[in-house]
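Below you'll find the structure, written out as structure tokens, and then a few comments.
Hydrogens, waters and symmetry mates play no part in the numbers below; they use all other heavy atoms, side chains included. Just so it is clear, the structure is predicted and the values come from calculations on it, not from any experiment. Count residues from 1 along the sequence. Indexing begins at 1, ligand by ligand and atom by atom, following the structure's order.
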Amino acid sequence: MSGRATPRHIPRRRFGQNFLVDDAVIAAIIEAIRPARGDNLVEIGPGLGALTGPLLDRLERLHVVEIDRDLIARLRERHPPQRLLIHEGDVLEFDFSALGGDLRVAGNLPYNISTPLLFRLAAFAGGIRDIHVMLQKEVVERMVAAPGDSEFSRLSVMLQYRFDMEKLLDVAPESFEPAPRVDSAVVRLIPFAVLPHPAHDEAVLADVVARAFGQRRKTLRNTLKGLVPDGIYARLGIDAGARAQELAVADFVRIADEVAADR
Ligand code: SAM
């Protein structure tokens, strides 16, 4: 024996490492992505390669972004550099536009950074064709919630502003090693080619939405005080006594446009 077998990787909790070990789930994710040979695809957090291998089987080459050096060393041993293009570092600082346009994004994401990562992907939406990601089920339910649902939140509004989203499948904790303490789900996000409700100033929209959901039990009149003059609600036909959760994305855009026009 050479004694050089790769030692077992000890999962790192700080990097949200829960590795997929369920072949049926892996196959379902690949089927949902439907990679075509020449696709420009990036996998976030390839880890031990549960999705990486099956993706590479169907692609000419694949980009991956991974923070864990030990895992990167394993990936380098297993795949030639001209087919697997490894970007070492924090995906929250990664410049997705450097990979070119019509980008497809996939991954079983580290759940501890999922919200900032979704916001980062939203910032690059113009160059992205689609996104297929595994997330905590509760986060996916917030993403796709409708106004009036208890899960409707800042994340719902800011992502629904930019993406058409669909929950594809639920995944149980036993499909991972180690098993996470939460249920998971796979979601597809497709950036709108033309925004259905474009805001004049997206920074103002983000501000209005953050404030309105900052104290979700309070009425708009209270949460947006100082930002939105009372008269605006009547003009827009929006009830100032409503709570953020009851408003549609288009309503937030109309409020934000009034605020932006006032500046
Ligand atoms: N794709 C593998 C799978 O399905 O088995 C691993 C998924 S695991 C939930 C998340 C992966 O993301 C890990 O490989 C972890 O090291 C990596 N990761 C965690 N934080 C990261 C970050 N900030 N930037 C890049 N990769 C990160």
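- The shortest non-hydrogen separation linking Ala122 to Leu159 is CB-CD2, 4.3 Å.
- Counted by atom type alone, Gln17 and His9 present one or more donor-acceptor pairs between their side chains at under 3.5 Å.
- With Glu60 as reference, Arg37 is the one residue of Arg37, Arg83, Gln82 to meet the side chain to side chain contact (heavy atoms under 4.5 Å, CB included) rule.
- The minimum heavy-atom distance between Pro173 and Ala179, with the atom names listed, is O-CB, 3.4 Å.
- Ordered by chain and residue number, the residues placing a heavy atom less than 4.0 Å from ligand 1 are Phe15, Gly16, Gln17, Asn18, Phe19, Leu20, Glu43, Gly45, Pro46, Gly47, Ala50, Val65, Glu66, Ile67, Asp68, Leu71, Gly89, Asp90, Val91, Asn108, Leu109, Pro110, Ile113.
- With sequence neighbours left out, the salt bridge (Lys or Arg N to Asp or Glu O under 4.0 Å) criterion links Glu31 to Arg34.
- For the pair Asp68 and Arg12, the salt-bridge criterion is met [side-chain N within less than 4.0 Å of a carboxylate O].
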